[in-house]
Amino acid sequence: MRIMTDINNGIIKAVASLAMKKHRDDMGLFVAEGTKCVRDTWDHFRCKWLIATRTWYEQMGTSSHYDKIVLANKQQMSRMSQFSTPSDVIAVYEIPRTEFNPDEVRDRLSLVLDNIQDPGNLGTILRLADWFGITDVFASKGTVDVYNHKVVQATMGAISRVKVHYGDLEDVFDLFPDLPIYGTFLNGENIYQADLGRNGFIVMGNEGQGIGAKVAARVTRRLTIPAAERQGEHSESLNVGIAAAITISEFARRL
């Protein structure tokens, strides 16, 4: 077992720099922080460093990644942490290459995310996908990076099981011209009365603008989550994470 008793400044600077997407992309690395987040992910990604305080190391038992252990004190952990209250463990993983099986995409429901900006929303949506058995999520290039530390934290381990593929969404649709494309709009067909299929794409749009014009033009089934019928004002729209939960749940209920 290799144990580094003194972390060096090179590692500290490298880990701290992973707060920025540019450095994550350049180095091919991302961070998971905190005992639960680390334990939810360490069997699913190739670990470069497992950085921890000695107390954490002595209390948490053994793992196949302990040959990557790097010991650091509280002050050093604080310099690397991406949270206001640093934890006792940080895992640094290699960013995996994600691929999808076209046959599986044709036979299942997949999520499509058009410029989702908030890390918490993306994390919530990935948790929903994981809960309902959706394994492939296609995201526009403008969608927040799945390896943003806030997203990683918010997925509660779902990042280990749900694959996110970034690219041009129109190119994805072109690969599967026969699949239905469902989109959520304020003026669509009532989702509770609509005929929903077992496969296809479910599109969720940007928090403020909804589904963009180019993607909206490709949607073949416009759906809406109806508000309660009552007099007076009500909320203008639903949070995208809530809308995703209702939409995916209704598809799952039909199955």
Side-chain angles (χ1 to χ4, degrees), residues 1-98 116-131 137 139 143-164 166 241:
M1 180 181 296
R2 178 180 62 85
I3 298 177
M4 296 177 63
T5 55
D6 294 309
I7 193 170
N8 61 58
N9 283 330
I11 294 178
I12 291 174
K13 290 180 180 179
V15 175
S17 75
L18 296 176
M20 298 179 61
K21 183 179 187 302
K22 176 184 183 300
H23 295 302
R24 292 195 296 270
D25 291 342
D26 289 345
M27 299 171 67
L29 300 172
F30 75 100
V31 164
E33 185 170 348
T35 298
K36 185 179 188 330
C37 189
V38 170
R39 298 186 79 170
D40 283 343
T41 53
W42 66 11
D43 288 330
H44 301 275
F45 299 100
R46 294 187 62 179
C47 183
K48 183 175 181 64
W49 298 307
L50 191 63
I51 305 167
T53 63
R54 183 173 294 278
T55 299
W56 187 94
Y57 171 70
E58 291 175 348
Q59 292 179 349
M60 300 314 296
T62 60
S63 161
S64 59
H65 291 106
Y66 274 43
D67 63 333
K68 307 292 185 181
I69 196 75
V70 177
L71 295 181
N73 60 38
K74 288 279 191 179
Q75 183 180 22
Q76 292 165 331
M77 296 296 293
S78 180
R79 290 173 61 189
M80 293 177 285
S81 176
Q82 297 175 28
F83 294 99
S84 56
T85 302
S87 67
D88 289 333
V89 61
I90 296 173
V92 180
Y93 298 126
E94 296 180 14
I95 295 176
R97 296 182 60 181
T98 59
I116 300 295
Q117 297 293 296
D118 184 80
N121 284 336
L122 179 55
T124 295
I125 291 170
L126 295 187
R127 287 179 68 184
L128 287 166
D130 187 35
W131 184 265
V137 174
T143 294
V144 62
D145 181 23
V146 68
Y147 298 110
N148 176 297
H149 69 281
K150 292 182 180 179
V151 178
V152 175
Q153 199 81 9
T155 67
M156 298 295 285
I159 193 173
S160 303
R161 295 173 291 275
V162 178
K163 296 177 290 185
V164 181
Y166 286 86

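Just so we're clear, the structure is a prediction, and the values are computed from it rather than from any experiment.
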Worksheet item: At their closest point, which heavy atom of P86 faces which heavy atom of E33, and how far apart are they?
Response: CA-OE2, 3.9 Å
Worksheet entry | Exercise: identify the closest heavy-atom pair between V152 and C37 | CG1-SG, 3.8 Å
Item to complete: State, with a plain yes or no, whether a side-chain heavy atom of M20 is found less than 4.5 Å away from one of D26.
Response: no
Item to complete: Take V89 and L50 through the test side-chain contact (heavy atoms from CB on, under 4.5 Å) and record every step on the way to the result.
Response: CA-CA 7 Å; V89 61; L50 191 63; 4.0 Å; yes
Discussion item. Testing the basics here: between V146 and V151, what is the closest heavy-atom pair and its distance to 0.1 Å?
Written reply: O-CG1, 3.4 Å
Worksheet entry | Backbone N/O of Y166 and side chain of T143: donor-acceptor pair under 3.5 Å | no
Response to the item:
CG (L29) and CZ (R46) are apart, to the nearest 0.5 Å, by 11.0 Å
Discussion item. Please give me the minimum heavy-atom distance between I69 and A52, naming the atom from each residue.
Written reply: CD1-CB, 4.2 Å
Worksheet item: So which heavy atom on T41 is nearest to which on A32, and how close?
Response: OG1-CB, 3.9 Å
Discussion item. Can you tell me how the ring of F83 sits relative to the ring of H149, calling it parallel under 30°, perpendicular over 60° and tilted otherwise?
Written reply: perpendicular
Worksheet item: Rounded to the nearest 0.5 Å, how far apart are NZ of K150 and CD of Q153?
Response: 11.0 Å
Worksheet item: From I51 CD1 over to S81 OG, what is the distance, rounded to the nearest 0.5 angstrom?
Response: 11.0 Å
Worksheet entry | Residue pair P119 / A154: nearest heavy atoms and the distance that separates them | O-CB, 4.4 Å
Discussion item. Walk me through whether K68 and V92 qualify under side-chain contact (heavy atoms from CB on, under 4.5 Å).
Written reply: CA-CA 10 Å; K68 307 292 185 181; V92 180; over 6 Å; no
Worksheet, complete the sentence: In I12, V15, I7, T53, the residue satisfying side chain to side chain contact (heavy atoms under 4.5 Å, CB included) with M77 is T53
Worksheet item: If you round to the nearest 0.5 Å, how far is CD1 of I159 from CZ of R127?
Response: 13.5 Å
Practice prompt. Mind checking the OG1-CE spacing from T124 to M156? Nearest 0.5 Å is all I need.
Written response: 10.5 Å
Fill in: Residues in side chain to side chain donor-acceptor pair (under 3.5 Å) contact with T35, at least two apart in sequence or another chain
W56
Worksheet, complete the sentence: The reported gap from NZ in K74 to CG in D88 (rounded to nearest 0.5 angstrom) is 3.5 Å
Worksheet item: So, do H44 and Y93 have ring centers that fall under 6.0 Å from each other?
Response: no
